[in-house]
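Only one structure is covered here, and it is reproduced in the block below.
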There are 2 protein chains.
Amino acid sequence: VIEIENVTKLYKMGAEIVHALRGVSLTVRRNEYLAVMGPSGSGKSTMMNMLGCLDTPTSGKYHFTGKDVSSMTDDELADIRNREIGFVFQTFNLLPRSTTLANVELPLIYAGYSPGDRREKAVKALHDVGLGERMGHKPNELSGGQRQRVAIARALVNNPSIILADEPTGNLDSRTGEEIMQLLEDLYAQGNTIIVVTHEEDIARHARRIVRLRDGLIESDARQQ
Amino acid sequence: VIEIENVTKLYKMGAEIVHALRGVSLTVRRNEYLAVMGPSGSGKSTMMNMLGCLDTPTSGKYHFTGKDVSSMTDDELADIRNREIGFVFQTFNLLPRSTTLANVELPLIYAGYSPGDRREKAVKALHDVGLGERMGHKPNELSGGQRQRVAIARALVNNPSIILADEPTGNLDSRTGEEIMQLLEDLYAQGNTIIVVTHEEDIARHARRIVRLRDGLIESDARQQ
Ligand SMILES: Nc1ncnc2c1ncn2[C@@H]1O[C@H](COP(=O)(O)OP(=O)(O)OP(=O)(O)O)[C@@H](O)[C@H]1O
Ligand SMILES: Nc1ncnc2c1ncn2[C@@H]1O[C@H](COP(=O)(O)OP(=O)(O)OP(=O)(O)O)[C@@H](O)[C@H]1O
Ligand SMILES: [Mg+2]
Ligand SMILES: [Mg+2]
C-alpha cells in the first residue's frame, strides 16, 4: 500500500546542505506492523512526514495504493491525510486555544460529520486513551503525557486504515505506554497498517518488523517473531 | 538545600477543582541525585516547577537554601532561576525565531557575560550534547531529539549547582540518551545536585534515590545502590 523508492530529502542552509534522507526505499503492505528506530537526527520523522503526505521528497518516488503521490491533486492529498492516514506528531501539534475535545473533533469536521456524531466519536476516542476527565482542558492545562494522548486520540478518531505514530509513548509512564500499545495492537488485529517510530526497544518489540535508520539511510529491515 | 513541606497545587476549572498536588513533602541535600517517577498526570512536572521557582504552591512551604521562597523578592527569585538552577523543560520551550546558538546563549546574557565569553560557553555546551553541527539551525530545522538536547545545553550553560530535568531523554535513542545521562553523572561527581523526572526505569537506575508520585502524592521515596 506504501512504496517509497530512493527517496532523498535535502535542506539548503546557506552554503551547507543537510542530507536528512540520502536514498531510502521501503515497501509496506496492508495490515503490516512496523517499528522505525535509529539515532536522534537519523531521518525518522522526515521519512514519516513523507509517508504521511505532509512533505515531498527532493528526489525519488512515492506510490500510495499504487498511485504516484507527486501526480496527485491537492484534493486527493488532503483526502489521504484526512481519511486514510492518522498521524501522531512527535511534537503533538495541538491547537493551543482549543479544548482537548475540540482538538480531537477537528479531523471529523473536515470529514463532514454532524456535530452530534463528531462529539460522540471524539468523546469515545478520548476515553480510549484515558482522558475522559480532561475534555474541557486546553493543551497548556494538561501534563506532557496527556497532550501526547490527545494527539493520539486525534489521529485515531476518524478510523484511518494507516496509522503513523512518531514516538507515541515518549512522554508516557510504562503503564500508560502499554495501554497505548494495546490500542495499536487492537487496531492492527482489525486489519489496519501501523508504523511506529520509537527509541525504546520494549515498544519496538510489539511490531512484527523493525526498520533501522542511520544517517539518512536504512541500515536494516528485518521481520521479528 | 531544597525543602518543600506539605505543598499543594489546585487549579479551578469552572465548577471543578483539579488537585495537581495534594500535599507533598521532600527534602533534598546538596549533591544528591534523585529520580522522580510516576504515571502520566501524577504531578511530576507541577512539583518540578515548584522546585525550580517557576510556579508557586496553593499552600505549603518551600525553603531554598534555608530561606522561605514565598518571602523572596522578584530579584532574588530571578537570581535563583538564572544562576543556581538549570531547568530542562518537558516541552523544551525554545525561542522559535532564534538559532540554536542564540537559544543557548540566553541565560548567559542575563548572567552578564561578554559576547565573546557567551559564545565560547554556548559552543562548548552544544558540543557536549553532540550538536556542534547544528548551531545555526532554528528549532523547526531540528529533529525532536536535537531540540531536546538544545534545551539541555541551555540548562547547563551557566554551570548551575542544581539541575532539574523533566524527561530529558524522552525523545532520544538509547545511545544518545546514555550520553546525556553520562553528562549528568559527571555533573553529580563534581558536587552538583541532580533531579531527573523520567518514566524509564533504565534512566532512573542512574540516580541514587527514587521518589514515586501517584495522584498528586508521594507514594514512595527510597535510596538505591
Ligand atoms: N493549568 C492547569 N489547569 C488545570 N489542570 C492542570 C493544569 N496544569 C496541569 N494540570 C493537571 O495537573 C495534573 C498534573 O500535571 P503534571 O503536568 O504535573 O503531570 P505529570 O506527572 O508531569 O505528567 P506527565 O508524565 O504526563 O508529564 C494533570 O492531571 C493535569 O491535567
Ligand atoms: N527544516 C530543516 N532544515 C534543516 N535541517 C533539517 C530540517 N529538518 C530536519 N533537519 C535535519 O534533518 C535531520 C533529520 O531530522 P529528523 O527530524 O528526521 O530526525 P529524527 O530521526 O526524527 O530524529 P529524533 O529521533 O531526534 O526525532 C536532522 O539532522 C535535522 O537537523
Ligand atoms: Mg523525530
Ligand atoms: Mg510532566
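So that the names make sense, note that chain A is the first sequence line, chain B the second, and so on, each numbered from 1.
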Separation between CD of A:E133 and CE of B:M13, rounded to the nearest 0.5 Å: 12.5 Å
Distance-only donor-acceptor check, side chains B:E167 and A:N171, under 3.5 Å: no
Close contacts, residues 33-47 of chain B versus chain A, judged by heavy atoms under 4.5 Å: B:G38, B:P39, B:S40, B:G41
Distance in Å, B:T91 OG1 paired with A:R147 CZ, rounded so as to fall on 0.5 Å steps: 5.5 Å
Interface residues of residues 151-159 of chain B facing chain A - non-hydrogen atoms under 4.5 Å apart: none
Region of A:E200 in contact with chain B, defined by heavy-atom distances below 4.5 Å: side chain
Heavy-atom neighbours of B:R119 CZ exceed 12 at 6.0 Å: no
B:N140, CG atom: more than 12 neighbouring heavy atoms under 6.0 Å: yes
Contacting region of B:V18 [heavy-atom separation from chain A under 4.5 Å]: side chain
Contacting region of A:E141 [heavy-atom separation from chain B under 4.5 Å]: side chain
Pick from A:S143, A:A20, A:G170 with the largest number of heavy-atom pairs that fall under 4.5 Å of chain B: A:G170
Most contacts with chain A, counted as non-hydrogen pairs under 4.5 angstrom, among B:Q146, B:R134, B:Q148, B:H137: B:H137
